[in-house]
Amino acid sequence: IGYLKNIKSQSLACWRKSMAIIKHESSKNARYTDVLEYYTKKHVKDKTTGLYEPVLDELGHMQERENYAVTYINSHGNTEDPNHWASACIRTNLVFQENQEYDDVKIHQYIISHPEADRSQMTMEDLMTEGRAFAAQFFQGYDVLLAVHRDTDNDHIHISVNSVRAENCEEQDWMRV
């Protein structure tokens, strides 16, 4: 996935509507299920630690997010139940004997964040379509978890990708480092 750093800005322009921003982070967290939990449950940022903590109800249960959508795109490009993403990533890591060490980067996360002004021009389905198109273009052969959040002041698309490719794909010019 390091090749994404070499993509020229004009290549990413097709994924920008208005002034959307694309941000990348990598994670060494081996608990893949934490990603789906974050995508589907309410969280608040702890002012002391800077970490996102789940919002709990009076019984201690995590509260469901509002106004979100989530899907899993498997390494063949097919949509599956999002609950299968974590096990697919772990299985791929075991097959290829990758991501076995504590310091290995397990997940690459991308956020496509739209300004508040875009909200009236884009539906939840428009955002999900944009995320799917981005994943199809840049993450062929990878297991991808995709979420759209519209529960903040700006709509944003989360794209989480296992750092190990499960299936080969045809190399594109922009993939060459």
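- Take Glu98 and apply the side-chain hydrogen bond (donor to acceptor under 3.5 Å, both in side chains) test, not counting sequence neighbours, and it matches no residue.
- Every residue two or more places apart in sequence or in another chain was checked for a side-chain hydrogen bond (donor to acceptor under 3.5 Å, both in side chains) with His61, and none qualifies.
- Listed by first and then second residue, the salt bridge (charged side-chain N to carboxylate O under 4.0 Å, His left out) pairs that reach into residues 143-160 are Arg65-Asp151, Arg119-Asp155, Arg150-Asp155, sequence neighbours excluded.
- Evaluation of the salt bridge (charged side-chain N to carboxylate O under 4.0 Å, His left out) rule for Arg31 yields Asp34 as partners, not counting sequence neighbours.
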### Task
Decide yes or no on side-chain contact (heavy atoms from CB on, under 4.5 Å) for Val161 and Phe138, but give the supporting numbers first.
CA-CA 10 Å; Val161 183; Phe138 297 112; over 6 Å; no
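- Chaining together hydrophobic side chains whose heavy atoms lie under 4.5 Å apart places Leu56 alongside Met62.
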### Task
Take Asp103 and Lys28, measure what side-chain contact (heavy atoms from CB on, under 4.5 Å) needs, and give me the verdict at the end.
CA-CA 6 Å; Asp103 279 340; Lys28 296 178 181 180; 4.1 Å; yes
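- For Asp126 and Thr123, the side-chain atoms include at least one donor-acceptor pair closer than 3.5 Å.
- Asn78 meets the side-chain contact (heavy atoms from CB on, under 4.5 Å) test with Asn74, His76; sequence neighbours excluded.
- Residues Ile111 and Met122 do not share a hydrophobic cluster, clusters being chains of Ile/Leu/Val/Met/Phe/Trp/Tyr side chains in contact below 4.5 Å.
- Sorted by first and then second residue, the salt bridge (charged side-chain N to carboxylate O under 4.0 Å, His left out) pairs involving residues 46-64 (not counting sequence neighbours) are Lys41-Glu64.
- Here CG of Leu146 is found 5.0 Å from CD1 of Ile73. Values are rounded to the nearest 0.5 Å.
- Taking every heavy atom of both residues into account, Cys169 and Gln140 meet most closely at CB-OE1, 3.6 Å.
- Nearest heavy-atom pair, Arg165 versus Gly141, reported as atom, atom and distance to 0.1 Å: CG-O, 3.4 Å.
- In this structure, the side chains of Lys106 and Asn29 stay at 4.5 Å or more apart for every pair of heavy atoms.
- With His114 as the partner, the side chain to side chain donor-acceptor pair (under 3.5 Å) test is satisfied by one option alone out of Gln121, His156, Glu130: Glu130.
- For Glu116, the CD atom is loosely surrounded, since the number of other residues' heavy atoms within 6.0 Å does not exceed 12.
- Nearest heavy atom pair, residue Ala20 against residue Pro115, reads N-CD, 4.1 Å.
- When every heavy atom of Asn162 is checked against every heavy atom of Tyr142, the shortest pair comes out as O-CD2, 3.2 Å.
- The side-chain hydrogen bond (donor to acceptor under 3.5 Å, both in side chains) test applied to Ser113 returns Asn154, not counting sequence neighbours.
- Remark: Glu101 pairs with Asp104 by the side-chain contact (heavy atoms from CB on, under 4.5 Å) rule, at least two apart or across chains.
- One finds the CD atom of Gln109 at 11.0 Å from the OG atom of Ser163 (value rounded to the nearest 0.5 Å).
- Cluster partners of Ile107, using a side-chain heavy-atom cutoff of under 4.5 Å among ILVMFWY residues and allowing indirect links, are Tyr32, Val35, Leu36, Tyr38, Tyr39, Tyr52, Tyr68, Val70, Tyr72, Trp85, Ile90, Leu94, Leu145.
- There is a path of hydrophobic side-chain contacts, each under 4.5 Å, that joins Ile157 to Ile22.
- Asp81 is linked by a side-chain hydrogen bond (donor to acceptor under 3.5 Å, both in side chains) to Asn83, counting only residues two or more places apart in sequence or in another chain.
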### Task
Go through the steps for His149 and Leu127 under the test side-chain contact (heavy atoms from CB on, under 4.5 Å), then give the verdict.
CA-CA 9 Å; His149 288 159; Leu127 293 162; over 6 Å; no
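- Taking every heavy atom of both residues into account, Ala69 and Met124 meet most closely at CB-SD, 3.9 Å.
- Atom CD of Glu125 has more than 12 neighbouring heavy atoms from other residues, nucleotides or ligands inside a 6.0 Å radius.
- For Ser26, the side-chain contact (heavy atoms from CB on, under 4.5 Å) partners are His24, Val105, His108, not counting sequence neighbours.
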